[in-house]
Amino acid sequence: MAKTPSYICQSCGAAHSKWSGRCDACGAWNSIVEEVPLSSGPAAKSLGTKRGKGMVLNDLAGSETPPPRETSGIAELDRVLGGGLVPASAILVGGDPGIGKSTLLLQAAASFARSGVSCIYVSGEEATAQVRMRAGRLGLSDAPVRLAAETNLRNILTTLEKEKPDLAIIDSIQTMWADNVDSAPGSVSQVRAAAHELTTFAKRHGIAVVLVGHVTKEGQIAGPRVVEHMVDTVLYFEGERGHPYRILRAVKNRFGPADEIGVFEMTGSGLAEVSNPSALFLGEHETPQPGMAVFAGIEGSRPVLCEIQALVAPTPHSQPRRSTVGWDGGRLAMILAVLESRCAIPFSGLDVYLNVAGGLRVREPAADLAVAAALLSAREDVALPPKTVIFGEISLSGALRPAAQAENRLKEAAKLGFSSAIAPTQSRSLKIEGMAVRPFPDLAALVGDIFGAG
Ligand code: TYD
Ligand code: MG
């Protein structure tokens, strides 16, 4: 039999028989740590020939009623959950340290508890006194949430089984420690074991479980992706530290639409809901400045307009800088390449900085055209036309592809006082009152028309 592997990649969970600097399976560096793998011991032996129990097989048709949902009363949270909390479901809430996960979940716990959902909040990171102090500051002390500071999974499960709450919040999964696994808390084996125990416990006992997970600097929930597969719903809580706005984003939801967002503002007394975020990420400028473009975006089911800012400056270095905040670096490189090879506008020798205002992270490809326009505007030092929104996906050929929900984008822009839109040709037929659509077939046409270059 091969030697038992005991070196586990903390990024992908692959097992190796010896330590190395780079994981062959996923290519991550310095991610391999010695652990006692889950699969050692009797459980690792093959199932052998011993027969199991027969399964009950069912038909697809049946009269299942949709799951009943509990609402928290925090509308932004309920919407992201797909209309409320589904009993016996497992939810993972990920986010950078310090972004406000504990604050959000304490507020959610209090809100659920006040509306009659019995709730236990287990903190593995803070002492009871600390959580109490926070609750006091948030004005939640009177909410009937029950609180514990504990990291031992066995103790937690025993208590939950006895108390039978409707909802248990585990803050965080990285601090949990299952005594049947020999590695340190926070390691892949521990995180995986704890998540597995808690999710199966949720199903078996009909208790909804929320797991808080920290995100690594690469932007993934620390520990293997496998935790994301185990739970029913994965929410990311994101935002920039220096900005007050926070976005709760559903990236996976077995009980509702994925990609829905909830918007919050971090205030001195906790997170406040922002129920109409469409104008939140617009800048202050009345007249447009060079390097600034307004993207008419859609986040989940809602239109959100945001300002995209670009700065282009001659570089003193041989390797120019490309720096992005709120936008994918790979996608920026692609747009620069299209501008260079399809429109003959070179960016070599120029540092490029791209920023999405207000700490929003834009993931829609429909923002390509707004990014390109901001880059061009910055490079040519020419402001874009005033009161204009931009959207459209750029393909590698330089052609513009239509964006989903164009009508909604335009309607919201018109509502916020914009009067024209730069969009792909396909949006030509849309008639929105007060909104003139300027259709373009490709990026080169836009360059020629707006900047008189080409
Ligand atoms: P926290 O919920 O502890 O973050 P996480 O659990 O994701 O690590 O949030 C910590 C930050 O939130 C901290 O920097 C202070 C800020 N904060 C406020 O601005 N107002 C508040 O009312 C609270 C409770 C926190
Ligand atoms: Mg916390």
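In each ligand, atom 1 is the first atom listed, and ligand 1 is the first ligand listed.
Heavy atoms of Met266 found under 4.0 angstrom from ligand 1 belong exclusively to the side chain.
At least one N/O-N/O distance between Gly268 and ligand 1 falls below 3.5 Å. Taking distance alone, with nitrogen or oxygen atoms compared against 3.5 Å, Thr103 approaches ligand 1 more closely than that limit.
Ion pairing between a basic and an acidic side chain is recognised when a charged N comes within 4.0 Å of a carboxylate O; Arg79 and Glu76 show such pairing. With salt bridges taken as basic N to acidic carboxylate O contacts below 4.0 Å, none links Arg204 and Glu197. At a threshold of 4.0 Å, the pair Glu299-Arg302 does not count as salt-bridged, since none of the basic side-chain nitrogens sits closer than that to a carboxylate oxygen.
Nearest to atom 6 (O) of ligand 1 by heavy-atom distance, out of Pro244, Ala135, Ser102, Gly270, is Ser102. Summarising the contacts of atom 23 (C) of ligand 1 with Gln130, Arg134, Arg137, the nearest heavy atom is found in Arg137.
Side chains of Ser183 and Gln190: a donor-acceptor N/O pair is absent below 3.5 angstrom, by distance only.
Between Thr267 and ligand 1 there is a heavy-atom distance shorter than 4.0 Å. Close to ligand 1: Asp96, with a non-hydrogen atom less than 4.0 angstrom away. Not a single heavy atom of Gly95 sits under 4.0 Å from any atom of ligand 1.
For Phe281 and Tyr245, the gap between ring centers is short of 6.0 Å.
Counting protein heavy atoms under 4.0 angstrom from atom 21 (C) of ligand 1 gives one or more.
Closest protein heavy atom to atom 10 (C) of ligand 1: Gly98 O, 3.8 Å.
Within ligand 1, the atoms closer than 4.0 Å to a non-hydrogen atom of Leu138 are 22 (O), 24 (C), numbered from 1 in the order shown.
Metal site remark for the Mg ion (ligand 2): Ser102 contributes an N, O or S atom at a distance under 2.8 Å.
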